[in-house]
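FYI, the numbering just counts along the sequence from 1.
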Amino acid sequence: MTKNTGTTGTKNTGQTVLVTGATGTVGRQVVAELLRRGHTVRALTRDPEKAKAGLLTDFPSGVPGVSGVSGVEVVRGDLSDPASLAPALDGVTGLHLITFGGAMFAPLETGPEIVELARKAGVRRVTVLFGGEETPLQRAVEASGLDWTVVQPVEFMSNALEWAEAIRTEDTVREPFTGRLSAMIHEADIGAVAAVALTEEGHAGRTYLITGPETLTVRDKVDALAAARGRAIALVELTEEAAKERWRAAGHPEDVIDFLIMVYRDTPPEGRTVVGTVEEVTGRPARTFAQWAEEHAAVFRA
């Protein structure tokens, strides 16, 4: 990671930012944080009607501390079809990009075309949500000459939602490698870091590794969820083979299963080591998993 020196960037308000992947776990948090900061948001989607009828309609009334927000402008566009982006980029100063597209989430190969369109439109700042490995789009952005920032989060706290049904119906979590460590990050903190980088100076050319404020075991996470919902949760440790069989039954391909076993058995240092990026960039501490659990407690109650 290229570490922020802590220098306060120049804050501007009232900018227009185009957010791709705006209905996703991170994208909607980028949108929400931009709204909190008084910016105009343009949300790119392949299906505007679906987006308007779903997630994005909640933002104006669902963003704490925001008043008088006219809402999110939902626009049609597809990152795999760069020509479709031109109207959406008109008047935009910041651009948040994901690196995968299409039905199968294949790495986008359209980075050079997207970058050229952004440059012609006068975009000043670009953030790229790291997709697990360096992608062609990320390389194109880094070579673009624009002010770019790569946002690299570790495990999302929202991954715990995968346990919701079993907790509601059985009061139980079944996982392999329960002693594994994770410095998991609240998705709202990912959105906050991206929003700052998109609208303030001082973040160009940086790769921000983003973690939460603590390192947790699976037991720690389960205990936090139990406290938040007010009911005990049992933790059952699966063998490696039992975990593989469960993932196969869920339809995961073998390469995904191999990846999960690898990262769960021996989590890379960056996934289990706390860094202070959130506070350095946003000026406030990263949210804890206990906070996340309280916010989502209803999802885990029967």
Side-chain angles (χ1 to χ4, degrees), residues 1-7 9-10 12 15-22 24-27 29-31 33-34 39 42 44 77-86 88-89 92-102 105-154 156 185 187 189-211 268-271 275-278 280-282:
M1 182 182 92
T2 304
K3 190 174 181 181
N4 190 343
T5 61
T7 304
T10 302
N12 300 303
Q15 299 175 63
T16 299
V17 179
L18 178 65
V19 178
T20 68
T25 300
V26 173
Q29 297 294 339
V30 177
V31 171
E33 186 64 26
L34 288 166
H39 301 291
R42 197 170 290 166
L44 189 79
D78 186 340
L79 291 176
S80 63
D81 177 18
S84 70
L85 304 183
L89 285 166
V92 164
T93 56
L95 172 62
H96 176 70
L97 290 170
I98 56 175
T99 62
F100 296 86
F105 299 100
L108 289 161
E109 301 287 347
T110 53
E113 294 91 337
I114 293 171
V115 164
E116 184 59 25
L117 285 167
R119 189 185 293 111
K120 288 181 178 178
V123 172
R124 292 184 56 199
R125 303 182 183 94
V126 181
T127 54
V128 177
L129 180 64
F130 186 72
E133 60 183 7
E134 189 180 72
T135 61
L137 185 144
Q138 181 180 327
R139 289 193 290 271
V141 170
E142 291 176 353
S144 67
L146 298 170
D147 287 353
W148 58 266
T149 306
V150 175
V151 178
Q152 183 177 340
V154 297
F156 297 176
I185 180 74
E187 50 273 20
D189 286 333
I190 308 171
V193 169
V196 170
L198 285 163
T199 57
E200 298 183 14
E201 296 176 5
H203 308 281
R206 300 179 185 272
T207 295
Y208 284 138
L209 179 66
I210 310 174
T211 76
E270 60 268 24
V275 295
T277 308
V278 172
E280 292 167 8
V281 174
T282 70

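Nearest heavy atoms, Phe130 versus Gln152: CD2-CG, 3.5 Å. Nearest heavy atoms, Thr149 versus His203: OG1-O, 2.7 Å. Scanning all heavy atoms of the two residues, the minimum distance from Ala121 to Leu89 falls at CB-O, 3.6 Å. Closest approach of Leu117 and Ala86 over heavy atoms only: CD2-CB, 4.3 Å. Annotation for Leu95 and Ala118: closest pair CD2-CB, 4.2 Å, computed over non-hydrogen atoms. Taking all atoms of both residues into account, the shortest heavy-atom contact from Glu33 to Ala195 is CG-CB, 3.5 Å.
For the atom pair CG (Leu137) and CD (Glu142), the distance works out to 10.0 Å, reported to the nearest 0.5 Å. Taking OG1 from Thr20 and CG from Leu97, the interatomic distance works out to 5.0 Å, rounded to the nearest 0.5 Å. The distance from the CD1 atom of Ile114 to the CD atom of Glu109 is 11.0 Å, given to the nearest 0.5 Å.
Side chains of Leu108 and Ser80 form a contact here, defined as non-hydrogen atoms less than 4.5 Å apart. No side-chain heavy atom of Leu129 sits less than 4.5 Å from a side-chain heavy atom of Thr99. Two residues are said to be in side-chain contact when any heavy atoms from C-beta on lie closer than 4.5 Å; Arg125 and Glu200 fail this criterion.
Side chain of Ser84 to main chain of Asp78: a donor-acceptor pair is present (N/O by atom type, distance under 3.5 Å, no hydrogens or angles). The backbone N or O of Arg124 sits nowhere less than 3.5 Å from a side-chain atom of Thr93 that would complete a donor-acceptor pair. Side-chain atoms of Thr207 never come within 3.5 Å of backbone atoms of Val150 as a donor-acceptor pair (strictly under, hydrogens ignored). Side chain of Thr110 to main chain of Leu79: a donor-acceptor pair is present (N/O by atom type, distance under 3.5 Å, no hydrogens or angles). Glu113 places no side-chain N or O within 3.5 Å of a backbone atom of Pro82 that could act as its donor or acceptor partner.
Comment: Arg119 engages Glu116 in a salt bridge, judged by a side-chain N to carboxylate O separation of less than 4.0 angstrom.
For the side chain to side chain contact (heavy atoms under 4.5 Å, CB included) test with Val30, the passing option among Thr127, Ile190, Leu198 is Leu198; the others fail. Here the rule is side chain to side chain contact (heavy atoms under 4.5 Å, CB included) with Ile185, and of Val193, Thr211, Val278 only Val278 fits it.
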